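Before anything else, here's the structure in question.
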Amino acid sequence: MQFRKEAHAPKLTSFEESFNSEDDSGMLPIGNTISVEDFNLARVEETDREQKLNALVKQLLCGRELEIVTLRYGLDNVKPRTQREVAKELNISRSYVSRLEKKALEHLKKSCLDVGLWT
């Protein structure tokens, strides 16, 4: 009974084990034939980076700068807007939006470089 049970049980194998390939190359390790793309891992890393960046934005910016960056880049589930749309919404000029955005992004870039979020 034990032999029958073992005959039908799945067999464990190693990625280092080889099998005969169909061409003339001889033995081919199983690990060389398996290809897995882990999109979930990449998405988790991206989400983690986004959360760190959002926290840093909220920590470093305040007032108009925070408001403009949030509106321009769609932070906090806000739809991203153009400078013209932000200017109209905040009742300021588009050039002022541009100046504040540039200043805020320079501040963020310096801080992100310091903590390794900017490459």
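The figures that follow rest on heavy atoms only: side chains count, while hydrogens, waters and symmetry mates do not. In this text, all values refer to a predicted model and were calculated from it rather than measured experimentally.
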message = Let me check something: do L75 and L105 share a hydrophobic cluster, defined by ILVMFWY side-chain heavy atoms less than 4.5 Å apart, either directly or through other members?
response = yes
request  = Find the distance between CD (E106) and NZ (K102) and round it off to the nearest 0.5 Å.
outcome  = 5.5 Å
ask   = If you group Ile, Leu, Val, Met, Phe, Trp and Tyr by side-chain heavy-atom gaps below 4.5 Å, do I92 and L66 land in one group?
value = no
request  = Can you tell me which residue pairs pass the salt bridge (charged side-chain N to carboxylate O under 4.0 Å, His left out) test with a partner in residues 69-80, sequence neighbours excluded?
outcome  = K58-D76, R72-E101
request  = Report yes or no: do V78 and L56 belong to one cluster of Ile/Leu/Val/Met/Phe/Trp/Tyr joined by side chain heavy-atom distances under 4.5 Å?
outcome  = no
key: Contacts of type salt bridge (Lys or Arg N to Asp or Glu O under 4.0 Å), residue K103, not counting sequence neighbours   = E65
query = Does L100 belong to the same Ile/Leu/Val/Met/Phe/Trp/Tyr cluster as Y73, with side-chain heavy atoms less than 4.5 Å apart forming each link?
reply = no
remark   = Closest non-hydrogen contact found for E85 with P80 is OE1-O, 4.5 Å
key: same_hphob_cluster(L71, V69) at 4.5 Å side-chain heavy-atom cutoff   = no
inquiry  = Rounded at 0.5 Å granularity, tell me how far CD1 in I68 sits from CG in L61.
reply    = 10.5 Å
ask   = What residues form a side chain to side chain donor-acceptor pair (under 3.5 Å) with E67, not counting sequence neighbours?
value = none
query = To the nearest 0.5 Å, what is the distance between OG (S98) and CZ (R84)?
reply = 11.5 Å
